[in-house]
Amino acid sequence: MKFSDVLQQLKDGVVSHSLEDRDRIDPVIHGVAAIDEAQAGTLSYIEGQKFAAYLATTQADAVILPVDEALQAQAIAQGLAWMSTESPRLLFARAIALFYQPYHPRPEIHPTATIAPDVKLGSRVHIGPHVVIRSGAKIGDDVCIHPNVVIYPQVKIGDRTILHANCTIHERTEIGADCTIHSGAVIGAEGFGFVPTPEGWLQMQQSGITVLEDGVSVGCNSTIDRPAVGETRIGSQTKLDNLVHIGHGCKIGCGCAFAAQVGLAGGVTVGDRVILAGQVGIANQAKIGKGAIATAQAGIHSDVKPGAVVSDSPAIDNKLYLKNSAIRKRLPEIYQTLKHIQRHLGLHQ
């Protein structure tokens, strides 16, 4: 499609564009690419000064820019079509959808699928090869279930949800509309509930349920456990990366984002719009306030206030962590200075 066609599709987020200039440049755009890998006929984007230098060398024919007159002038000088926006990455995400749509098979039920007689299927569902759906399950409209998915009894799956190959949904789990469960994920399995006795560990039956609200995304090989009683709940629009573990009885707010290898022990409460970077660990029963951020590998053993940014293990305020890190780099120098002072004072042993 022409650049002008792309612009028309994205116009809601555009502040200004090169087609407003006297010398209109309206190239044909056939795809999207990263700014440093773009070729002729592609659209790319720049967000912030970190990647601004690539504008001078990119082979793209069109770019999405921040609202920056200097970058716009540079694009014009290089003969590039451009559009500017307050959020280049967001606009680029919308542009990708103009050129690529993920695989979505047509509605059908594969003959190798095993479906209990009392399962309630919505309209236009796709059920792939070797899927197993047990008694009492309810599957909404336009649901897509890829090969080898196993759905235990009395599970509820909301409209337009996608279950990718080889994921497992355990009994009585409730998954809302527009969710995506990626391959290998296990939702609603037994929580880690064992009681010590003189004879060994007694298993506490996990009679609770797991609930995923609308728009939740769960990455590959992630696990969300059900509790002994009550529920484990993931709030709407929360996104979990690959290899994330949510322990039994956790309550996760809306709009959160957890990166790979995050692990939550049982009973953790997380407020809305919390961000946990890779390998963050949170101890049993901790409470994380709304809008808090934990940087990579933070180990959280106690409550975190709303809006706080924490780092390190045990987790501390991020500003204090940065000061500590600066001092840590100087420890050899500080140690030598201390030895010198000790020798001068005759205290060295």
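No hydrogens, no waters, no symmetry mates; every other heavy atom, side chains included, goes into these values.
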Note to self: Taking the basic N atoms (NZ, or NE/NH1/NH2) and the acidic carboxylate oxygens, is any pair closer than 4.0 Å for Asp142 and Arg124?
What the structure shows: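 The answer is yes: the pair qualifies as a salt bridge.
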Next item on the list: Considering only NZ, NE, NH1 and NH2 on the basic side and carboxylate oxygens on the acidic side, decide whether Glu171 and Arg226 come within less than 4.0 Å.
Entry: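 Salt bridge: yes.
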Check: Is Lys239 close to Ser217 at the side-chain level, that is, under 4.5 Å between some pair of heavy atoms?
Finding: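 In contact.
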Next item on the list: Compare all side-chain heavy atoms of Gln74 with those of Gln72 and state whether any distance is below 4.5 angstrom.
Entry: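 Not in contact.
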Item checked: Heavy-atom neighbours of Tyr152 OH exceed 12 at 6.0 Å ->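 Result for OH/Tyr152: open.
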Margin query: For Gln336, is the CD atom crowded, meaning more than 12 foreign heavy atoms sit under 6.0 Å from it?
Written below: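 More than 12 within 6.0 Å, yes.
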Between the main-chain N or O of [Y] and the side-chain N or O of [X], is there a donor-acceptor pair closer than 3.5 Å?
X	Y	answer
Ser207	Ala228	yes
Gln206	Met204	yes
Thr58	Ile35	yes
Gln154	Arg172	no
Ser84	Ser16	yes
Ser18	Trp82	yes

Considering all heavy atoms of both residues, which atom of [X] and which atom of [Y] are nearest to each other, and what is their separation?
X	Y	value
Pro66	Ile46	CD-O, 3.2 Å
Ala185	Val218	CB-CG1, 4.0 Å
Tyr100	Pro102	OH-CA, 3.4 Å
Glu231	Lys251	O-NZ, 2.8 Å

Check: For the residue pair His146 and Tyr103, does the interplanar ring angle fall in the parallel (under 30°), tilted (30 to 60°) or perpendicular (over 60°) class?
Finding: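 Ring orientation of His146 relative to Tyr103: tilted.
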Next item on the list: Applying ring pair (Phe, Tyr, Trp, His ring centres under 6.0 Å), name anything that partners Phe99, two or more places apart in sequence or on another chain.
Entry: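 Listed in chain order: nothing, the list is empty.
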Check: Looking at Ile246, Asp225, Ile209, which hits side chain to side chain contact (heavy atoms under 4.5 Å, CB included) with Thr232?
Finding: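 Of Ile246, Asp225, Ile209, side chain to side chain contact (heavy atoms under 4.5 Å, CB included) with Thr232 is met by Ile246 alone.
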Check: How long is the gap from NE2 on His245 to CD1 on Ile224, to the nearest 0.5 Å?
Finding: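 Rounded to the nearest 0.5 Å, the NE2-CD1 separation comes to 10.0 Å.
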